[in-house]
Number of protein chains: 2
Amino acid sequence: MKAATVRSRPNPRRRSAEILAAAAQVFAERGFHGASTQDIADVLGIRQASLYYYFDSKEAALEEVCARGAEGYAEAAAAVAASTGTAADKVYRLIDAHLSPMLDRAAFVMVFQRERRYLPKDSRRRVGRFSRNYERIVESVLKAGVAAGEFRRDLDCRLCALALLGMGNAATHWFNKEPGVTVERLATEFTRLLVDGMTKAPRPPLRRVAA
Amino acid sequence: MKAATVRSRPNPRRRSAEILAAAAQVFAERGFHGASTQDIADVLGIRQASLYYYFDSKEAALEEVCARGAEGYAEAAAAVAASTGTAADKVYRLIDAHLSPMLDRAAFVMVFQRERRYLPKDSRRRVGRFSRNYERIVESVLKAGVAAGEFRRDLDCRLCALALLGMGNAATHWFNKEPGVTVERLATEFTRLLVDGMTKAPRPPLRRVAA
DNA sequence: GAAAAATTCTATAGGTTTATAGACAAAGAA
DNA sequence: TTCTTTGTCTATAAACCTATAGAATTTTTC
């Protein structure tokens with residue numbers, strides 16, 4: 001399968017990418033276990049058995065789809081963390097970076113989010129580590145915000161990071177169903193919601209509203 | 001199956017409830033399509049075929065599990081909406097009510113959240129309506145907060161409601177994995193995060209932080 | 001304790017699904 | 001052209017899974 005020749009790869013994996021995209025689409029639509037290899041083949045207009053030229057097993061296909069779905073998240077977040085700017089601005093960019101992959105590989109991202117738990121043990125562990133690392137980076141941005149005096153000192157950074165990511169992940173459920181939702185708009189609204197809640201609050205205590 | 005006698009139902013569905021709980025547990029763990037009726041039977045220590053005394057099909061079991069998982073949400077939210085108090089307080093109670101079912105029927109709730117899309121068309125439509133109604137109620141609480149002058153006038157209530165619910169739903173993923181997380185603590189933190197972001201802000205514009 | 005109801009069992013039909021083996025075809029490289 | 005690589009096909013084994021039928025067993029009611 002893997003050619004060992006020194007140089008002869010004119011079109012390395014163009015078709016392979018199409019196969020993978022079909023798998024991602026079908027896994028996203030019907031769930032990993034709800035999708036059959038026949039379903040994938042139907043999308044491509046080829047025979048079910050032909051798929052096995054591209055992957056060794058359905059689970060291996062899931063692994064590849066998940067890998068692409070997870071790609072870049074940690075790197076983008078790390079870049080934000082390492083950049084300069086206010087913590088508030090970084091939060092915006094974190095959210096933006098978290099949502100952006102939905103634009104060009106929604107199916108992959110959704111499969112990574114929802115189906116990774118069906119990965120075989122080994123790769124599940126690997127993506128588990130990956131996710132925790134990603135969360136850690138997000139958390140570190142919040143912590144830095146606290147350290148810089150920009151966010152309130154009693155902010156629960158861990159919980160807040162999870163909340164932020166939860167909010168972002170939820171967007172996959174309605175991103176293409178809600179009218180007029182764009183990444184920028186979402187990032188702006190989410191940031192606005194969260195940042196005020198994190199910011200050191202020279203704000204009067206919750207006031208009672210008369211009627 | 002349904003006794004037509006006038007009165008003789010001493011213990012209606014005690015066993016039935018156990019069967020359903022086992023189904024919920026297995027569906028939650030392995031996903032609807034990843035779970036076999038054999039898996040459910042194993043949990044109960046009975047034979048696979050015996051399950052069909054309790055439900056007509058695997059999908060019917062999913063329907064019942066989802067129904068229990070969705071139970072009470074709209075009612076609780078409606079009660080909050082109809083109650084008196086500040087909008088901020090209502091948000092707290094909305095979140096609390098949203099998270100509370102995780103305490104006593106986590107598996108059902110998780111299955112409702114994640115597997116309802118595999119319901120047959122009819123019941124899927126039904127739960128779709130149910131969910132939209134629930135979202136609508138949450139949104140109405142936010143709108144009321146705006147109308148009362150408590151929340152900022154340009155708040156995107158729809159998006160904010162979705163964000164709130166997304167945050168809440170995400171909690172199911174780590175509720176029993178994160179140490180020291182309780183419903184009260186979550187509701188408190190989430191509310192604090194969101195309410196400040198929604199509240200009319202007599203707050204200075206985001207300040208630059210010098211190093 | 002006998003009748004009725006509830007619950008579980010055995011056995012199995014019938015369908016679906018993953019995956020393998022090996023042939024066939026096309027297209028580029030030598 | 002001939003060889004090689006790439007991609008697809010047919011056919012099928014083997015496993016698995018849902019659901020039904022009807023018998024057997026346990027529990028409840030009278």
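The model shown is predicted, which means the values in this text are computed figures rather than measured ones. Per chain, numbering begins at 1; letters A, B, ... match sequence-line order.
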Under 4.0 Å: is that the gap between some side-chain N or O of [X] and OP1 or OP2 of [N]?
{"X": "A:Thr37", "N": "C:dT17", "value": "no"}
{"X": "A:Tyr53", "N": "D:dT8", "value": "no"}
{"X": "A:Tyr54", "N": "D:dT8", "value": "yes"}
{"X": "A:Ser50", "N": "D:dC9", "value": "yes"}
{"X": "B:Tyr52", "N": "D:dA19", "value": "yes"}

Distance, rounded to the nearest Å, where [X] contributes [atom1] and [N] contributes [atom2]:
{"X": "B:Arg30", "N": "D:dC17", "atom1": "CZ", "atom2": "C1'", "answer": "13 Å"}
{"X": "B:Ile40", "N": "C:dT8", "atom1": "CD1", "atom2": "C1'", "answer": "16 Å"}
{"X": "A:Arg47", "N": "D:dT6", "atom1": "CZ", "atom2": "C1'", "answer": "19 Å"}
{"X": "B:Leu51", "N": "C:dT8", "atom1": "CG", "atom2": "P", "answer": "9 Å"}
{"X": "B:Lys58", "N": "D:dC16", "atom1": "NZ", "atom2": "P", "answer": "15 Å"}

> How would you label the contact of B:Ala61 with the nucleic acid (heavy atoms, under 4.0 Å): base, sugar-phosphate, or nothing?
Replying inline: nothing
>> Heavy atoms only, 4.0 Å cut-off, all strands: where does A:Ala41 land among base, sugar-phosphate and nothing?
In response: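 Nothing, no heavy atom under 4.0 Å.
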>> Judged by each residue's nearest nucleotide on DNA chain C, which is more toward the 5′ side, A:Gln38 or B:Gly45?
In response: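 Looking at the nearest nucleotide for each, B:Gly45 comes out on the 5' side.
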> When rounded to the nearest 0.5 angstrom, what distance separates CD in A:Glu75 from CD1 in A:Ile137?
Replying inline: 8.0 Å
> Say you draw a straight line from CG of B:Asp39 to CD of B:Gln25; how long is it, rounded to the nearest 0.5 Å?
Replying inline: 10.5 Å
> Between B:Phe55 and B:Tyr52, what is the ring plane arrangement, given parallel below 30°, perpendicular above 60°, and tilted in between?
Replying inline: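 Judged by the thresholds at 30° and 60°, the geometry between B:Phe55 and B:Tyr52 is perpendicular.
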> Is there a donor-acceptor pair closer than 3.5 Å between any side-chain N or O of B:Glu150 and the backbone N or O of B:Ala87?
Replying inline: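 Indeed, once roles are kept as given, a pair shorter than 3.5 Å links the two residues.
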When you get a sec, tell me which of [options] is the closest nucleotide to the side chain of [X]?
{"X": "A:Arg15", "options": "D:dT8, C:dT8, C:dC9", "answer": "D:dT8"}
{"X": "B:Gln48", "options": "C:dC9, C:dA19, D:dA19", "answer": "D:dA19"}
{"X": "B:Ile46", "options": "C:dC9, C:dT18, D:dA11", "answer": "C:dC9"}

>> One thing to verify: whether A:Arg158 and B:Glu178 come together as a salt bridge, which I'm taking to mean a side-chain N less than 4.0 angstrom from a carboxylate O.
In response: yes
